[in-house]
Amino acid sequence: MTWKSPVALVREALQGQRAREKDLRSLMSNLPYEGLEKGKQPNRYFPSNAIKTTKYSLLLFIPMNLYEQFHRLANIYFVGLAILNFIPVVNAFQPEVALIPICIILSLTALKDAWEDFRRYQSDKKLNNTPCFIYSRKEKQFVERRWKDVRVGDFVKVVCNETIPADLLLLYTSDPNGVCLIETANLDGETNLKQRTAVSGVCNSFEPESFNGIVVCEKPNNNLNHFKCYEKPDNQKVGAGIESLLLRGCTVRNTDHAVGFVVYAHETKSMLNNSGPRYKRSKLERRLNIDVFFCFILLFAMCLIGALHFIWLYALPGVPPYLVPPANGHLDSPNLSSFYMFFTMIILLQILIPISLYVSIELVKIGQIFLITNDIDLYDEETDSRIQCKALNITEDLGQIEYIFSDKTGTLTENKMVFRRCSIMGTEYPHKENIRLAVLNEPESEEEVIYNQDLQPLPTGWSLESEEANSEDTHRHGSRRKSKVLGTTQSDVAFSSPLETEVIPDRKLLQQISRTGSSSRCQKIDPYLEFFLALTICNTVVVSMATTQRRRPLTSDNLRYEAESPDEAALVYATKAYGFTLLARTPDSVTVRLPSGEVLVFEVLDTLTFDSNRKRMSVLVRHPITKEYVLYTKGADYAIMELLGTPYAQRHLDCYAKEGLRTLCIAKKVVSEAVYKHWLVERQRALTAIDNREVLIMDTAVQLETNLTLLATGIEDRLQENVPDTIMALRQAGIKVWVLTGDKPETAVNIGYACRLLEDEDLVLVIDGRTLTMALSPDLRGDFVDLAKHCRSVLCCRVTPLQKSRVVKVIREKLKVMTLAVDGANDVNMIQAADIGIGISGQEGMQAVMASDFAISRFKHLKKLLLVHGHWCYTRLANMIIYFFYKNVQAYVNLLFWYQFFCGFSGSTMIDYWLLIFFNLFFTSLPPIMFGIMDRDISAEMLLGVPELYKTGQGEGDYRFTTFWVSILDAFYQSLVCFFIPYFVYQDSDIDMFTFGTPLNTTALFTILLHLSIEIKSWTVVHWVVMLGSVLFYFIVTLAYSATCVTCNPPSNPYWVLQNQMADPMFYLICILSTVVALLPYTFHVLRNSIALSPLIEAKHLDRLDPSMREEWMKEWRSYRGGGQVQRSTLS
Amino acid sequence: MLLKLGGHCSFQDFSEESCHGPGSDEMVQEENEFTNRPDNTAFTQQRLPAWQPILSAGIVIPGFVLIGLAFIGVGVALFVTSRSIQVLERDYTGDESGTPCASCANSNVQNSFGFCFPQSQGPVFFYYGLSNYFQNYRRYGTSKDDNQLYGVLKYFTSPSDNCAPYAYNSNNQPIVPCGSIANSMFNDTFKLYQTVNGTRQEVSLDGKGIAWWTDYNIKYRNPTNNPLKDAFNGSNSGLFYRNFLINPIYWSKPAYELDTSDPSNNGFVNQDFLVWMRRAALPDFRKLYRRISQDKYPDGLPAGNYSLEITYNYRVYRFSGKKKVVFSNVSWMGGKNEFLGIAYLVVGSMCVFMSIVMLIVYAKFKFPDEE
């Protein structure tokens, strides 16, 4: 290395900074500079591909971790107190002893962080050393390197089924059409293949060394579906977007190999999307903080009382021998020593602010999340996925939900589409055969309405089954299997049907086609033919060969359709049933086989892709026979209707919608060559623009999509399994379920009935997007919320994602309720607006899942997640927190406080310091944590069987303002008992300090543990071990400590104290009496609950019966309670 | 996320098999296929067998009755025992008239007063008592050096900082034993006389074993120097003392001369010193002074007139304290204490009473399990 002046280094650093911050980056090939030192590299400012997700380095771990931990106020508070203890005039303990708790807590957290960081380090190392191919000029070929060696400006070759190491601009593929297929499952969970095209102008005969252009791209961002750049080979700009970008983490499929230019290394889109777990504050925690504040007030008051020291000092007639002056030999003035005493008291009573509470809550939540993610009922076999908890600290909020906002598509429904009906030129083709097929699959649906018949299909994986199946025999009658669904009332038998891929043609329509098919030679444009051609062409379905190992249904031709959205696949399969087979699709052409066997190759001039604003997509092709420019458009009915040149009767569409079908309209337009040419120029300009490109592209799309001619079709989206059952249960649990959907009102209402969201006697509000906008206006908002409050359910139709999130926000703010949003696709806004966002990982986009707090795979999982885990997590945590406050106030703080009245407010403790600290840290810390993780007030079966029990957690729930104060009062009472019974016994005797403290400490331990024992609702082995273990541990440690420590801990010295006490019968008599008297009122409090029998207690009684009896009781109880009359009650 | 299927393994096979009960092959396959499937154990599925007690009337009422009865029994035993203990207390502060030693505080050092003692039922313990004396005061309590008291010579010359300002005197001479507790040791002495036929007979008092055994044998130790004096006055030839050691400033005699009659009762292991060093928990306390020696009075102190001769050294007016002497015999429950017995009786009766009330209440609110 040559020596560089500091100035040069700084300049270099600044340049790098500037280069990275620029909105546009110009990148060059590294090849001409190969082998040169780093300073000469053109792309040296951009980070290399080696990733480092670790937070710490080995050397700096301790300071960095401490720095991080001291961001927590509680830690600073406790360190402050420990430091205060080093000041001789105010110290209460020996300084070193006071450091123990904070040190233990800091080191526990540090250990946890270190372990997590080490795991990150290991996975980084593995990833960084994955092999890949980079072009080397020296060797004139691609050579094997590691991922970490990839730099911006390199040329990287990826081969089939390999993971892409960095964000690559696709320049060349083995495919003659310059197409590369990638699977983005690792990134967003979507398993369909996405097509990427090589940047035009560079493809075909591509040699890395001859690449001499500059790639100008935007600054890295985390948007997975968006990228812009252009390339300047020789003064001419070639634009490229996301369709030419291979993203890091994706897998190459169906393409032998591809070569790309590295645009982003390290700052790749997938890396920027890695935001780690989110931290939300739960409602309970917000409440808790208020109570901690009260604790501060309490502490302050108690310390002030301690500072009354001076009154006591003034009352002394002289200087008694026990009043020891400081080392200088002169007594402080009473006022000054009172001032010091205030701080001494803070140190002494510091545990009133429960530091261990925060640590315990964290541990409890880790435990709760462990149990939730390990629940086998929340595991989905089809996708082999468990529930994912992304937000780590809002588990207890699950138990307090009052409003659920749900999307429809992909959430309530499978988002697996089946072609159902179509209407062409005003003629309806009902496809009755399809219905019959569906009925066949559903033995018990005879009396049901035709479109709602398969309410309980189980997706055991149509894709799995079709693996080995030929299309001829795919009418398999649902392979039965025992589902592990908990609910005993619902059907255990599930069906899987290959409905999606299979459409039986409508006889009448088939006749029409064969008639026109035979006459198609006459070149006359036939509407039927056009309809199917449009369906076949106007999509982005990719045809893939069966060679790759992927689970997709195969057609008889060994064709496999990879669609970005399930409705497209449904349509293509439908056309195939009618003989219009999509054979191949390249960026430039579509190959279609007609029923007659004729193969047509359409030249694709442009594809106007789908976006959520236009709600439609178009494909512009050149007809191979007529040579006309034809635009086929497909989209949501209302999105097409407004563009129609001729008005069209809505009749069929409305009728479809009423049947719960999702309607799509297909339209076409013939474009004259002149118009096309004109439009093409604008389009080109829009494509190369880097600012505002989306808007421009959309504008051009809109320009062309006018004056269309309509053809129509209907598709069905099936409900997911157990949706009606889940919704029923949620409603019984007192949760209001709102469905917010972009569908038409008719469709929405129909789905509402299908999933039993709507029932005849209900007051239901159905509101559409336009009305909603008005309803949400500031002056009407209040009325709207009032109205909605009285409705059992609300259906919002035709709403945009933004409106969805506004609805959630309004309800949340106006009603001050806990809200939960479920979404299966891309409504990130709504999910983030709610208190809890739940994503359903389904067929379409996974953005919702990425943004969610919990990700589940089926809607039905919501039932157990809320009713069981929500209830448990909430009651566990609420009870644990209350108990914690009680515990700290009772044992540690108040006993010491009362003693101050008998030791001249001097800050003395009657218990050895070490034992005092151990008491909180070891003897009584484990039971509440175990309680918070494992207690089970009511069995899961009971909670699922009687959803009304969920109501106990809603609103204020178990943890109320009064609960805190009642527990504090109880703690005060208990501490009075624990202190004054021994006090009166030992009054005026020859008892010494630690001997006096021993029964106090022991009684406190027993009271605390027995208090918890009354709280614990079910005793498992773990409970016994922990509780008895704590008692044993207390005695063993204390006995060992008092037996061994003669001079080890001066000046405090409890030598042989407990041994002496344990030989004295009085010790036991005092402990028994104090414990019993202390716990009496609490026992009565608990008993009161069993007089006025609360639903929870009643449920607990039922829980003890054997299962068959219990079921009968449950039924009886439900009918007796009328399903909704459960009062709220507390258990605390 | 992605389910990887290998070869010909198919879902169909699996599902058909599982209808008839899964074969072992399928089980293996299943494990391979569903890598994310959570373990189906009782612990992770929260199905551990559990005992679910419910506090219901059927348990609580009999429980209360039982507890109540047991408490009443214990209470009676305690109360009776406590009643049988005889206690005689005499205040000898001497700062107010009408007390046994009315002028003690103002007069000369030697005082005496007489009192009657009934026949005792067992060995009698002789205590001195102080009130309003905060031996539990924090700074006072830490003012000692455990290592010094353990007999480690190193700490004789450099006592712990805890002892300050009673670690060194103004001439920077180390104090042994250092600290405020030792310094403020109670130094009144008593002699008890029985008046038999007008003559005073000294009652022999036993000062052995009044401190904790562990204190005497383990916690406190004298240095091994022989004679003991060498260690305490600094004339130890084995060690070079830059400064001579001195007694605590309130002490009239050095530590090695606390008990001239018994050489083994000197230094740190002097019984009176040990009793004093064990700090009282509460501001009003008594400390064991002597036992009435059992050799001479095996059945306790006989009834009769006694007089107590007090060497009045300890001043208590600075903290408005009181001094007293207490004669008491002891039982298995220690000294006389009626509180505990009464408390047991009250709580026991309360439990019984409450169970009756509960019974009435439950009779009114019919209980589902009692239907």
Side-chain angles (χ1 to χ4, degrees), chain A residues 185 189 316-322 324-325 327 329 371 374 376 379 381 384-386 461 464-465 467-468 479-481 902-904 906-908 910 936 984-985 988-993 996 1017-1021 1046-1047 1050-1051 1053 1055-1056 1065-1066 1069 1073 1077 1086-1087 1090-1091 1100-1101 1104, chain B residues 1-3 10-12 15 18-19 34 36-38 40 44-46 48 50-52 54-56 60 134 136-144 146-147 150 162 164-165 180 184 214 218-219 278-284 286-288 318-320 332-335 337 339-340 343-344 347 365:
Chain A
L316 289 171
V319 180
Y322 53 81
V324 183
L371 288 176
N374 269 292
I376 204 155
Y379 164 80
E381 266 182 10
D384 189 32
S385 57
R386 303 178 182 195
L464 283 170
E465 275 188 294
E467 185 84 356
E468 90 283 24
S479 52
R480 281 166 179 259
R481 80 183 170 99
F902 301 96
C903 70
S906 63
S908 270
M910 64 293 187
R936 198 173 64 199
F984 283 119
V985 171
D988 201 23
S989 72
D990 58 347
I991 193 83
D992 74 275
M993 278 181 82
F996 176 68
K1017 308 302 186 309
S1018 62
W1019 289 76
T1020 64
V1021 188
V1046 182
T1047 56
N1053 195 331
Y1055 187 72
W1056 218 252
M1066 289 294 273
L1069 288 175
L1073 183 72
V1077 175
V1086 172
L1087 271 180
S1090 42
I1091 298 173
K1100 239 181 348 175
H1101 279 284
R1104 287 151 62 97
Chain B
M1 289 286 256
L2 195 70
L3 186 56
S10 69
F11 194 79
Q12 179 63 24
S15 53
S18 60
C19 280
F34 305 113
N36 274 328
R37 182 202 281 275
N40 195 358
T44 54
Q45 301 310 314
Q46 307 192 53
L48 283 175
W51 175 59
Q52 293 176 301
I54 300 182
L55 278 182
S56 65
V60 172
F134 289 79
N136 55 16
Y137 202 76
R138 179 169 52 91
R139 193 79 51 62
Y140 178 82
T142 58
S143 188
K144 60 174 177 164
D146 277 343
N147 288 310
Y150 195 59
N162 286 328
S180 183
S184 62
T214 49
I218 297 163
K219 213 168 131 180
R278 191 154 278 279
R279 295 183 295 139
L282 299 165
D284 297 345
R286 60 167 87 147
K287 280 179 184 291
L288 189 55
R318 284 176 297 179
F319 49 92
S320 13
W332 58 270
M333 59 173 282
N337 186 297
F339 170 81
L340 199 62
Y344 262 97
V347 174
F365 292 83

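Worth saying up front: this structure is predicted, and the values here are computed from it rather than measured. Protein chains get the first letters and strands the later ones, always in sequence-line order, with residue 1 at the start of each.
Looking at A:P325, the atoms closer than 4.5 Å to chain B (heavy atoms on both sides) sit in the backbone and in the side chain alike. Heavy atoms closer than 4.5 Å to chain B are found in the side chain of A:V1077, but not in its backbone. Of the atoms belonging to B:Q45, it is side-chain heavy atoms, and not backbone ones, that fall under 4.5 Å from chain A. Proximity to chain A (any heavy atom under 4.5 Å) is restricted, for B:K287, to the backbone atoms N, CA, C and O.
Here the side chains of B:P283 and A:F902 are in contact, with some heavy-atom distance below 4.5 Å. Looking at heavy atoms from C-beta onward, B:L340 lies in side-chain contact with A:L1073 at the 4.5 angstrom threshold.
Remark: side-chain polar atoms of B:D284 are not paired, donor with acceptor, to backbone N or O of A:D988 under 3.5 angstrom. Within the 3.5 Å criterion, the main-chain N or O of B:N36 finds a donor-acceptor partner in the side chain of A:R386. The closest donor-acceptor contact from the side chain of B:N40 to the backbone of A:I376 lies at 3.5 Å or more, if one exists at all. Of the possible polar contacts, none joining the B:S180 side chain to the A:V324 backbone as a donor-acceptor pair under 3.5 Å is found.
Note: A:P317 leads A:S1018, A:P317, A:P1065, A:G904 in heavy-atom pairs under 4.5 Å with chain B. Annotation: maximal heavy-atom pairing with chain B below 4.5 Å, among A:P321, A:S989, A:G318, A:P320, occurs at A:P321. Your options are B:N162, B:V60, B:T214, B:V347, and the one with the most heavy-atom pairs under 4.5 Å with chain A is B:T214. Between chain A and the options B:G335, B:P165, B:S143, B:G141, heavy-atom pairs under 4.5 Å are most frequent for B:P165. Counting heavy-atom pairs closer than 4.5 Å to chain A, the top residue among B:A280, B:A164, B:G334 is B:A280.
A distance of 10.5 Å separates CG of A:D992 from CG of B:L282, quoted to the nearest 0.5 Å. To the nearest 0.5 Å, atoms CZ (B:R279) and CZ (A:F996) are separated by 13.5 Å. A distance of 11.5 Å separates CZ of B:R286 from CD1 of A:I991, quoted to the nearest 0.5 Å. We find the OH-OG distance between B:Y140 and A:S906 to be 12.5 Å, quoted to the nearest 0.5 Å. Between the CZ atom of B:F134 and the SG atom of A:C903 there is a distance of 8.0 Å, given to the nearest 0.5 Å.
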>> What verdict does the side-chain contact (heavy atoms from CB on, under 4.5 Å) test give for B:I218 and A:V1046, after you've listed the backbone C-alpha separation in whole Å, the side-chain angles of each residue and the deciding distance to 0.1 Å?
In response: CA-CA 8 Å; B:I218 297 163; A:V1046 182; 4.0 Å; yes

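The aromatic rings of B:F339 and A:F984 are tilted relative to each other, their planes meeting at an angle between 30° and 60°.
The minimum heavy-atom distance between B:D146 and A:T1047, with the atom names listed, is O-CG2, 3.8 Å. For B:R278 against A:Y1055, the heavy-atom pair with the smallest separation is NH2-O, 4.2 Å.
Among residues two or more places apart in sequence or in another chain, the ring pair (Phe, Tyr, Trp, His ring centres under 6.0 Å) test is passed with B:Y344 by B:F71.
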